[in-house]
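Encoded as structure tokens, the structure appears first; notes follow it.
Just so it is clear, the values below take in all heavy atoms, side chains as well, and ignore hydrogens, waters and symmetry mates. Note that the structure is a prediction, hence the values are computed from the model and not measured.
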Amino acid sequence: MKIDPTHELARWLAAERDDDAERAEAALAAVFAALPAAVPPLGFAARVVAVSCAGAVPAPAAGKGALATPWARLLLTVALVWVGLAA
């Protein structure tokens with residue numbers, strides 16, 4: 001027998017609206033029991049392992065630092081020269 005999750009959801013919301021904690025807890029448990037199990041399709045893990053072992057998944061690229069661009073280096077140089085002259 002299949003349980004309708006929308007009916008259980010309505011029952012839980014009604015119990016919450018009526019501020020009945022015990023009935024709300026039972027209804028929430030029924031909502032989770034009525035939901036289908038989340039399982040990956042058959043062969044999913046095998047495909048993931050095959051792709052990662054084959055090298056098709058690139059390694060995460062190293063993020064560029066704050067001084068990776070020439071403009072940032074120029075700005076830092078100008079700022080250091082300005083601070084040196086001001087001192």
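- In this structure, the separation between OG1 on Thr6 and CG on Leu13 is 11.0 Å, given to the nearest 0.5 Å.
- With rounding to the nearest 0.5 angstrom, the CH2 atom of Trp82 is 15.5 Å from the OG1 atom of Thr77.
- Hydrophobic clustering, with ILVMFWY side chains joined whenever heavy atoms are under 4.5 angstrom apart, keeps Leu76 apart from Val81.
- Residues Arg23 and Asp18 have side chains in contact (heavy-atom distance under 4.5 Å, counting atoms from C-beta outward).
- Contact check for Arg47 versus Pro40: no side-chain heavy atoms found under the 4.5 Å cut-off.
- Residues Trp71 and Val78 share a single hydrophobic cluster, defined by chaining ILVMFWY side chains whose heavy atoms lie under 4.5 Å apart.
- Here the closest heavy-atom approach between residue Trp12 and residue Ala27 is recorded as CA-CB, 3.4 Å.
- The number of heavy atoms from other shown groups lying within 6.0 Å of CG (Leu80) is above 12.
- The nearest pair of heavy atoms linking Arg11 to Ala26 is NH2-O, 4.2 Å.
- Within a 6.0 Å radius of CD in Glu16, other residues, nucleotides and ligands contribute more than 12 heavy atoms.
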